[in-house]
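Just below is one structure, and these are the notes that go with it.
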Amino acid sequence: MRAYFEELETRLLSPYACLSNTSRGRRFDELPSATRTCFQRDRDRIIHSKSFRRLKHKTQVFITTESDHYRSRLTHTIEVAQISRHLSRMLRINEDLAEAIALAHDLGHTPFGHSGERALNELMADHGGFEHNFQSLRIVDFLEKKYPMFNGLNLSFEVKAGLLKHKTPWDSPDTTLVDFTSLEAQVCDLSDEIAYNNHDIDDGLRSYILSESELDASVALWREAKATVKKNYSSLDDNELIHLAISSIISTLIGDVYTHSLHLLKSNTINSLEDVCSFGQRLISFSPEIRDKNRELRKFLYAKFYKHPHIADMNEQGQEIVRYLFKEFERNPDKIPTHFKQAFPSETLYRQLADYIAGMTDTYAQKKYESLKNTTV
Ligand code: MG
């Protein structure tokens, strides 16, 4: 069965795709799966991990207890995986690899999103810092414990490289560690941006933090999508209009990435994975026109949504919880669960602390904060 899937890849995928039968392999040798390629197996290992399940109670923009309908880190991740698969299929590159990278790309996030991460990074300034892309890699390489033969999930090289290379305007990983950027990893990066820009319009409108009239005035992608939708449907309620307009923007962005990336691959005579890695620049990309429009949308979201007082307040609360937990555990390391300390005895207290707090969901961190406050008053 695995050989059949591998043969299908060889037959169907583009010459610049990552093929599972030429993977650089795993850190610890294992017998291959009889029924799945290495990337399919990696995807399944990620889905069955604890860190993946915890994404359901981690902040994307809103703290997860605010509403059932806003994106959590988990639903964001599923949307990124959907767009990554779609684009990979169109480009005839390895859909399973792109999906595995997408599903793992945010595993390293702290509770309370980027604000929680900033707080933890400041607290860890004298102890090696904290960065969520590195943490994603640390989780799959070390912190997940479920196999007797090794720590971590022992994922394939290409998936791990994709995590380290995952880079968005909000991230700052040290990209010198791995000199390997597959098209699948690049697809995941751009899919992340497409997903969050669009679901943040949706969550922004749904929460009444953003208004349609502001979007009409400031965002060309939105205006154009709305005009297309209105041309196709004679009567729409507000909900339908918002949903269809966002769907239309996503389709426009995906179509543009597809066309422009094919153009880049062709005009730069990229004919192999080696060509991709040695090219040194991104080959999966928006066209210049759409890049500008996308930037306009991002600037709008940054000013009107992420910086909104309600979001800023939530972020501040989240940071306070992270700071409090850190200081409290630093003062009383005995309060870090014994099973957690015993699982990683070779780590410094500070790294154990960062791993423990980073792994918490919003809800767990909140509960822990409340119970510690009550017992220390
Ligand atoms: Mg993401």
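Count residues from 1 along the sequence. Heavy-atom basis, side chains included; hydrogens, waters and symmetry copies ignored. Counting starts at 1 for both ligands and their atoms, following the listed order. This structure is a prediction, so every number in the text was calculated from the model and none was measured.
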Shared-cluster residues of Leu8, by chain and number - hydrophobic side chains joined below 4.5 Å: Met1, Tyr4, Phe5, Leu12

Of all the N, O or S atoms in Asp106, which has the shortest distance to the Mg ion (ligand 1)? OD2

From CA spacing to verdict: side chain to side chain donor-acceptor pair (under 3.5 Å), Glu158, Ser23: CA-CA 7 Å; Glu158 292 76 5; Ser23 165; 2.8 Å; yes

Of all the N, O or S atoms in His76, the one nearest to the Mg ion (ligand 1) is NE2

Please state the angle at the Mg ion (ligand 1) spanned by OD1 of Asp192 and NE2 of His105: what is it, rounded to 10 degrees? 90°

Mind telling me whether His132 and His109 have parallel, tilted or perpendicular rings, with 30° and 60° as the class edges? parallel

Pairs where residues 259-299 contributes a residue and the test ring pair (Phe, Tyr, Trp, His ring centres under 6.0 Å) is met, not counting sequence neighbours: His260-His263

